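Quick caveat: nothing in here was measured; it's all calculated off a predicted structure.
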Amino acid sequence: VRITELLLASLAAWYLGFFIAAWVSQRTISNAEFQGIRKKPVLRAPVPKRQKCDHWTPCPAGNYAYRILSGGGKNKMAKICFEDELMIFNFLGAGQQIYRLLSGQHLLKFRFFHGFSNWSVIDSTDHSGEMMSFLRNAPKGTLLLMATHDDGSTLLKNDAKKLVKELGSKEIMNIKFRSSWVFITAKGFKLPDDIQKEKINHSDQKMNRYNGWPAEIQIEGCIPRNLI
């Protein structure tokens with residue numbers, strides 16, 4: 001009896017399934033039930049949150065963010081970013097760009113100094129001397145951020161180079177015609193040893209990215225606020 005009941009139940013289940021399959025169209029099933037199953041899930045990485053000065057990772061709490069970019073060719077201007085405040089040096093000449101940041105104030109003062117251009121070669125103004133005065137007059141507790149565009153060496157006198165060297169530069173004495181150079185230093189306090197402070201890239205006709213100009217370079221990092 002039990003075997004007979006089991007066979008009848010199996011037959012009824014098979015018949016019911018056949019009836020449902022015949023009653024519901026294949027098109028209805030594929031569109032309504034299985035359309036989502038057939039599609040492969042698309043995995044997308046979340047859009048990264050933008051960090052100050054376009055850092056890949058945020059600076060720790062209690063730190064200032066900075067990024068310094070040299071110029072490149074005629075169109076890639078030198079840029080200095082501090083705490084997400086950006087200064088683009090859009091100029092026709094060439095030379096050192098210096099931004100002075102006083103304690104407690106962001107991007108308070110900046111200066112451009114000619115290093116070389118068609119007119120500055122015959123310009124009687126002592127831009128190298130102006131640069132030295134600017135650096136010497138910066139009070140203690142000052143951050144100094146420097147970058148070049150085109151050429152910052154031709155009219156940069158040795159006294160000015162020595163002054164920048166005294167501020168911690170290891171490359172200023174090696175700067176050449178159209179070298180790309182960036183540098184950050186401080187007066188009255190010491191920057192952390194583990195941050196990027198300086199980088200240089202010399203002109204090389206075989207390797208230059210912009211004909212007579214080498215590729216632009218950059219440094220970035222985080223500076224503890226309690227140092228300033």
Side-chain angles (χ1 to χ4, degrees), residues 64 66-72 77-82 85 87-192 195-203 213-214 216-219 221 223 227-228:
Y64 292 116
Y66 72 89
R67 172 178 281 183
I68 311 174
L69 299 93
S70 71
M77 300 302 168
K79 300 176 183 178
I80 289 178
C81 179
F82 187 82
E85 295 185 64
M87 172 58 66
I88 301 176
F89 295 93
N90 189 1
F91 55 92
L92 298 176
Q96 284 76 29
Q97 307 280 354
I98 297 185
Y99 230 107
R100 190 170 80 189
L101 311 175
L102 294 184
S103 176
Q105 302 180 53
H106 297 173
L107 306 183
L108 179 65
K109 183 182 289 187
F110 73 93
R111 281 290 303 272
F112 159 69
F113 299 95
H114 283 294
F116 175 83
S117 68
N118 291 335
W119 59 86
S120 67
V121 170
I122 58 175
D123 187 354
S124 60
T125 304
D126 183 10
H127 298 293
S128 189
E130 289 180 347
M131 176 178 167
M132 292 176 67
S133 296
F134 184 88
L135 295 176
R136 285 170 174 164
N137 292 333
K140 291 183 178 181
T142 296
L143 279 173
L144 294 162
L145 290 76
M146 309 183 192
T148 59
H149 179 93
D150 192 338
D151 177 60
S153 66
T154 302
L155 295 184
L156 186 62
K157 297 179 180 179
N158 283 333
D159 287 346
K161 291 181 181 179
K162 290 178 181 178
L163 180 57
V164 176
K165 182 179 179 180
E166 291 173 2
L167 290 170
S169 172
K170 297 180 180 179
E171 297 290 354
I172 189 64
M173 302 304 291
N174 300 322
I175 194 169
K176 302 176 183 178
F177 179 69
R178 285 183 175 170
S179 294
S180 295
W181 176 70
V182 289
F183 178 54
I184 182 171
T185 188
K187 289 191 69 175
F189 62 97
K190 186 177 182 296
L191 293 177
I195 68 170
Q196 288 184 308
K197 300 183 184 70
E198 187 174 24
K199 190 177 288 186
I200 195 168
N201 186 23
H202 300 297
S203 177
W213 287 269
E216 63 272 35
I217 52 176
Q218 70 175 35
I219 57 175
I223 299 175
L227 293 179
I228 302 175

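- With rounding to the nearest 0.5 angstrom, the CG atom of L144 is 6.5 Å from the OG1 atom of T185.
- Contact annotation: the side chain of Y66 never approaches that of L143 to less than 4.5 Å [non-hydrogen atoms, C-beta and beyond].
- Contact record, H202 with P214: O-CB, 3.6 Å, taken as the closest heavy-atom pair.
- Put simply, the side chain of E198 reaches to within 4.5 Å of the side chain of S169, judged on heavy atoms.
- Counting only heavy atoms from C-beta outward, the side chains of M146 and I172 never approach each other to under 4.5 Å.
- Expressed to the nearest 0.5 Å, how far CE of M87 lies from CE of M77 amounts to 13.5 Å.
- When all heavy atoms of M173 and K161 are compared, the pair lying nearest together is SD-CB, 3.5 Å.
- Of the options T148, N201, D150, a side chain to side chain donor-acceptor pair (under 3.5 Å) to R178 is made by D150 and by none of the others.
- Side-chain contact between S179 and N174 is absent, with no heavy atoms from C-beta onward closer than 4.5 Å.
- Of all heavy-atom pairs spanning K187 and L135, the tightest one is NZ-O, 3.0 Å.
- Residues S203 and F177 come closest through the heavy atom pair CB-O, 3.7 Å.
- Here CH2 of W181 is found 10.0 Å from CD1 of I217. Values are rounded to the nearest 0.5 Å.
- Between L145 atom CG and I80 atom CD1 the span is 5.0 Å, to the nearest 0.5 Å.
- Summarising the geometry of E216 relative to S180, their closest heavy-atom pair is CA-OG, 4.3 Å, with the distance given to 0.1 Å.
- How far CD of Q196 is from CZ of R67: 9.5 Å, rounded to the nearest 0.5 Å.
- Distance check: I195 CD1 to I223 CD1 gives 4.5 Å after rounding to the nearest 0.5 Å.
- The side-chain heavy atoms of V164 and M131, taken from C-beta on, include a pair separated by under 4.5 Å.
- More than 12 heavy atoms of other residues, nucleotides or ligands sit less than 6.0 Å from atom NZ of K197.
- Residues V182 and S70 meet the side-chain proximity criterion, which asks for heavy atoms closer than 4.5 Å.
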